[in-house]
Visitor: 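Sending over a structure as structure tokens; questions will come in a sec.
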Amino acid sequence: MKFKVGNKVRIIGSTASHGFNNGDVVVVTKIDRYEDACAYQCAGVNNGADVWWVAEDDIEPAVVYQYLIV
């Protein structure tokens with residue numbers, strides 16, 4: 001499996017029929033290792049109410065930068 005539970009990922013496609021928009025950043029909440037098509041359950045970052053199963057081809061790692069200003 002390419003991603004782990006807790007990873008933030010960006011939606012980049014919709015080969016699986018999920019309700020996210022391209023560009024949305026979501027969190028992997030569950031993985032079904034026996035499912036080939038849609039193995040990753042993801043939840044929306046903002047409110048977590050949107051939960052969909054997505055395919056590995058539909059997501060990429062989301063790069064989140066944090067800066068410390070001193």
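Only a predicted model underlies this, so the values are computations on that prediction, with no experimental measurement involved. Quick note: residue numbers are just sequence positions, from 1.
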Visitor: If you measure from CH2 on Trp53 to SG on Cys42, what distance do you get to the nearest 0.5 Å?
Guide: 9.0 Å
Visitor: So which atom in Ala43 and which in Thr29 form the shortest heavy-atom distance, rounded to 0.1 Å?
Guide: CB-CG2, 3.7 Å
Visitor: What residues form a side-chain contact (heavy atoms from CB on, under 4.5 Å) with Ala55, not counting sequence neighbours?
Guide: Thr15, Ala16, Asp58
Visitor: Which heavy atom of Cys38 sits nearest a heavy atom of Glu35, and at what distance?
Guide: O-CG, 3.2 Å
Visitor: Calculate, to the nearest 0.5 Å, the distance between atoms OG and CH2 belonging to Ser17 and Trp52 respectively.
Guide: 9.0 Å
Visitor: To the nearest 0.5 angstrom, please state how far the CG atom of Asp57 sits from the CD1 atom of Ile12.
Guide: 8.0 Å
Visitor: Salt bridge (charged side-chain N to carboxylate O under 4.0 Å, His left out): which pairs involve residues 9-32, sequence neighbours left out?
Guide: Arg10-Glu60
Visitor: For the residue pair Val5 and Ile31, establish whether any side-chain heavy-atom pair is separated by less than 4.5 Å.
Guide: yes
Visitor: Check whether His18 reaches the backbone of Gln41 with its side chain - one donor and one acceptor, N or O, closer than 3.5 Å.
Guide: no
Visitor: So do Val9 and Val28 actually touch side chain to side chain, heavy atoms under 4.5 Å?
Guide: yes
Visitor: So how far is it from Phe3 CZ to Tyr40 OH, rounded to the nearest 0.5 Å?
Guide: 6.0 Å
Visitor: Are side-chain heavy atoms of Ile11 and Val26 found at a separation under 4.5 Å?
Guide: yes
